[in-house]
Amino acid sequence: MYKILKLNKISDKINNVFNGEYEVGDKVHNPDAILVRSADMHNYEVNENLVAVGRAGAGVNNIPHADYVRKGIVVFNTPGANANAVKELVLTSLLLCGRNITGAVEWVKQQKGKGEEIPALVEKNKARFVGREITGKTLGIIGVGAIGALVAEAVYALGMEVYGFDPFLNPDTAHRLEGKVTFTDDIGELYAKSDYITIHVPYTPATKYMINKEAFSMMKKSVNVINLARGELVNNADMITAVKNGDVAKYVCDFPTEELIDVENVITVPHLGASTPEAEDNCAVMAAGEIADYLENGNIRNSVNFPGLYAPRTGRYRICILAENINEVMPSVNELLGRDNVHLTAVNSSTGKNSAYIMIGTDSDIYPSLVKDIEALDKVYKVRVIGL
């Protein structure tokens with residue numbers, strides 16, 4: 001029986017994935033896998049049995065995934081599972097930028113108690129909250145992945161012109177959006193063309209503070225900026241200056257900080273991008289499925305620290321080897337398999353930037369001594385044997 005520890009509240013729909021062969025809960029000891037949402041695992045002491053961590057969401061900043069490579073712990077995420085929820089919040093943000101809805105709502109609240117005067121006050125003051133329509137305007141999307149692509153399709157249907165910038169654009173996504181998005185390799189062109197800009201890239205050292213005073217100098221005057229990705233993508237000090245001098249008309253941010261709160265024309269919401277029951281269910285089920293497939297079959301899908309590898313099962317056993325380098329490890333593995341007369345039914349492997357994965361199918365019996373000897377090889381991190 002596999003043990004699954006939940007470090008956060010996770011949708012009960014994972015029970016449809018983890019059947020009676022699993023023990024699942026928030027007090028599980030010595031787990032084989034962990035499901036997590038926002039809990040910080042950087043100081044979490046992992047047990048020796050742990051082989052997988054599933055993040056019910058896309059971002060993995062709360063998980064020391066690079067450190068887990070040498071421990072042979074595969075970290076999964078769920079790209080695209082919450083994409084529709086974030087897309088809908090982007091559409092909401094576009095309207096919040098264009099129509100001054102938040103200011104109008106606050107003004108109406110202040111009219112409480114004025115009774116029969118309210119209709120006249122509304123007619124007299126509504127011009128203060130005149131906005132503009134998004135139809136016919138241009139949206140620049142930085143990062144056209146699962147979320148960015150959905151946003152592009154939605155706003156194109158609403159009559160917006162769309163520019164996209166993504167150095168890592170998937171060819172299938174480009175084909176899907178052909179005729180709807182003008183892709184550019186020059187982010188400066190996107191800045192110059194866009195009335196609205198929305199950001200959908202991961203937070204890395206290269207993207208930290210990518211939206212800054214230099215970027216604002218290339219943008220249209222009174223541009224609207226939406227950031228539902230990561231707070232650190234935007235230099236808040238530069239943004240506040242840009243908003244106050246009118247270079248940015250509105251800034252919608254899903255990551256409130258002390259300096260952003262109560263700044264006029266900055267709209268902060270409390271990290272609501274994926275906060276829908278539908279998105280939470282989707283992320284949880286997807287993460288649970290990735291973990292179950294890895295535990296039961298050795299397949300890796302959507303890992304952030306090991307290369308993906310999927311193959312149908314062959315033979316009675318599957319030997320799964322996480323390593324640093326296939327070329328340096330495989331000759332020694334073959335030598336040990338030959339020593340024990342292991343008959344191979346299939347060998348599959350894949351290589352990532354800093355890690356590698358090998359799956360070997362066999363009908364032969366696998367003895368603990370063989371597993372121990374493979375795991376003792378230099379540059380081998382972890383070995384598992386999965387039976388039918």
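Below, all heavy atoms of this structure are taken into account, side chains as well, without hydrogens, waters or symmetry copies. It should be emphasised that the depicted structure is a prediction, and the values quoted were computed from it without experimental measurement.
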Where is the tightest heavy-atom contact between Ala249 and Asn265, given as atom of each residue plus distance? O-CB, 3.3 Å

Polar side chain donor-acceptor pair, [X] to [Y], under 3.5 angstrom:
| X | Y | answer |
| --- | --- | --- |
| Glu280 | Ser11 | no |
| Glu133 | Thr135 | no |
| His200 | Thr198 | yes |
| Asn305 | Ser303 | yes |
| Asn297 | Arg318 | no |
| Asn84 | Glu88 | yes |
| Asp238 | Asn212 | no |

Taking the hydrophobic residues Ile, Leu, Val, Met, Phe, Trp and Tyr, and joining any pair whose side-chain heavy atoms are under 4.5 Å apart, which ones share a cluster with Val383? Tyr317, Ile319, Ile321, Ile326, Val329, Met330, Val333, Leu336, Leu337, Val342, Leu344, Val347, Ile358, Ile360, Ile366, Leu370, Val371, Ile374, Leu377, Val380, Val385

Connecting only ILVMFWY residues whose side-chain heavy atoms lie within less than 4.5 Å of each other, what is the rest of Phe255's hydrophobic cluster? none

Taking side chain as C-beta onward, heavy atoms only, is Leu7 less than 4.5 Å from Leu35? no

Does a side-chain heavy-atom distance below 4.5 Å link Lys137 with Tyr196? yes

Within 45° of the six-membered ring axis of Tyr294 and under 6.0 Å from that ring's centre, is NZ or CZ of Arg301 located there?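 The answer is no, since Arg301 fails at least one limit relative to Tyr294.
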
Ring pair (Phe, Tyr, Trp, His ring centres under 6.0 Å) pairs, two or more places apart, involving residues 11-39: Tyr2-Tyr22, Phe18-Tyr22

